[in-house]
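To keep things clear, I will list the structure first and then write my remarks on it.
What's counted below: heavy atoms across the whole structure, side chains too, no hydrogens, waters or symmetry copies.
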Amino acid sequence: MFKNLKNDLPASIVVFFVALPLCLGIALASGAPLFSGLIAGIIGGIIVGAVSGSSIGVSGPAAGLAAIVLTAISTLGYEAFLVAVVIGGIIQIIFGVLKLGIIGYYFPSSVIKGMLTGIGIIIILKQIPYFFGYDKDPEGDFAFFQIDGENTFSEIFNTISGIISGNFSGGATLVAIIAMAILLLWSNVLSNKGRIFQLIQGPLVAVVAGIVFYIFTKDGSLAIAEEHLVAVPVPDSIDSFLGQFSFPDFSAISNPKIWLTGFTIALVASLETLLCVEATDKLDPEKRVTPTNRELLAQGTGNIISGMIGGIPITQVIVRSSANIQSGGKTKLAAIVHGFFLLISVMLIPALLNKIPLSVLAAVLFIVGFKLAKPSLFKTMYNLGWKQFIPFIVTVLGIVFTDLLIGIGLGLAVGIVVILIKSYQNSHFLHIEDQSNGKNRIKMTLAEEVTFFNKGAILKELDRLPENTYLEFDVRKTRYLDNDIIEILDDFAIKAKDRNIDIKIVSERGIVENPESFIEFFKLRPKTA
């Protein structure tokens, strides 16, 4: 693991700077103490990172659970809610033991690519107000409808109006532009000029430049207001630091609402984690495959520990994971070290962290978002045909205009509809031949598998057959024939006599002319190979 330290250490620094404001923002959006988001980030990095089998996935508090957490805390109280987090972790471990990690593999590739692209677009859109030092909302607010009543685009319109009227932070904008220039110069020019520029990553230089800029301009016209800086809790003693931890109230464990909340957390967190695992494996340049059942065990372990010491729920998070991959992370060491950076920073240098402008972090996330949502990907998916493009674009739009899980659900629903349509179209092959003995000769060949999905297509073709037809019914390639289809054919055999339609069945057992009953015929012929 340590042989890739030269890649993992710089990547862990980038992930740290991405994760820090997100931990605080998600905790704020969840109605939880700010320190609880940092606890979840630390546990997600160190504990989950160590137990997980993922090489490049990074875990922490997830925006997708914010609404559930907010409701649960207001209903149960924080200490009772922590019991639900512990119960959720135990249920996740049970999911892993039952080998339910396979669920993530049933999501189409087009939906997973749409998820990545949608997340990339959201990252870019959400960071535009921070880039100009205009938005004061929590950084973790990744849903379309925000907790302050605004939405993604209304915030952007407000930012544009603020820029036009001059009501924005000039200092925050200037340092963001400087940071963006550093990032582009580093990745496109300097990274190829020497090893020193590969060891020291551009995002670290950009953050240091942001701190220096803030210190030297805090008394001038370009001063950056405190609401546009990172806000980490600053304890004044060891006792005050330890006082930030909370512990679950297990006396409330008999409350049915706690068990329902725990199961909801386990289900949603597991689904979000499995989808992120599938997505990060696709982004991994080395195409490694994460053991999903082990991942559920790791997430469950992390949630138990997080709940025991006052943290909010944990999942694998695509924003942190993609930042890790785009920054050159190779092994799980990057995730683990980023967790230690979070721990050390909140203990030793919280005051220094509070000098980092949010606009600098916005510049870092712009690069991450663009790499996830490259314009060329839209062209590639379009060229693959409508069966790939429609689920892809529906997933993208669903995530941008609602949230992660709803967007994925919409994409999956459209993907299923596409499968049904293609199944409807591909159930059979119809070939019209020349007339023979005054009758139209038609050959219908059934597909290898024919289910009730194909009922409408086959029934439509049979009803359209003209009178005085000779129908050759070829089932030699068919290995599975649903009972619904057999009943349709049996009914058709009766109607065929009234329409002067002769039927010939061609099967692997031979040829049958004008069968009295398809049901009796297929009873003698096994439905499966």
Legend entry - Side-chain donor or acceptor of Asn383 paired with backbone N/O of Lys379 under 3.5 Å: yes
Legend entry - Ring centroid separation Phe366 to Tyr130 under 6.0 Å: no
Inset, instruction - Report the relative orientation of the aromatic rings in Tyr78 and Phe81; use parallel for angles under 30°, tilted for 30 to 60°, perpendicular for over 60°. - result: tilted
Inset, instruction - Would you confirm whether Thr117, through its side chain, and Gly114, through its main-chain N or O, come within 3.5 Å as a donor-acceptor pair? - result: no
Inset, instruction - Check whether any side-chain heavy atom of Val207 lies under 4.5 Å from a side-chain heavy atom of Leu361, and answer yes or no. - result: yes
Inset, instruction - Using a 4.5 Å cut-off on heavy atoms from C-beta on, say whether the side chain of Ile124 contacts that of Val368. - result: no
Legend entry - Distance flag, aromatic centroids of Phe341 and Phe17, threshold under 6.0 Å: no
Legend entry - Side-chain heavy atoms of Glu448 within contact of Lys477, under 4.5 Å: no
Legend entry - Minimal non-hydrogen separation, Gly41 against Pro61, with atom names: N-CD, 3.6 Å
Inset, instruction - Under the side-chain hydrogen bond (donor to acceptor under 3.5 Å, both in side chains) rule, what do Glu79 and Ser246 come out as? Steps first, then yes or no, please. - result: CA-CA 7 Å; Glu79 284 73 19; Ser246 301; 4.5 Å; no
Legend entry - Near-ring test Phe392/Phe378, centroid separation under 6.0 angstrom: yes
Legend entry - Close side-chain approach of Leu297 to Phe95, heavy-atom, < 4.5 Å: no
Inset, instruction - Find out whether Ser376 and Met381 are in side-chain contact, i.e. whether some heavy atom of one side chain is under 4.5 Å from a heavy atom of the other. - result: no
Legend entry - Pair Glu487, Asn483: side-chain N/O donor-acceptor within cut-off below 3.5 Å: yes
Inset, instruction - Inspect the contact between Lys330 and Asp8 and indicate whether a charged nitrogen and a carboxylate oxygen are less than 4.0 angstrom apart. - result: no
Legend entry - Flag side-chain contact, heavy atom, 4.5 Å: Asn151 against Glu155: no
Inset, instruction - Ignoring hydrogens and angles, tell me if any N or O in the side chain of Arg479 forms a donor-acceptor pair with the backbone of Arg476 under 3.5 Å. - result: yes
Inset, instruction - Taking the side chain as every heavy atom from C-beta outward, state whether Ile408 and Leu275 have any pair of such atoms under 4.5 Å apart. - result: yes
Inset, instruction - State, with a plain yes or no, whether a side-chain heavy atom of Thr395 is found less than 4.5 Å away from one of Leu410. - result: no
Legend entry - Side chain Trp259, main chain Ile253, donor-acceptor under 3.5 Å: yes
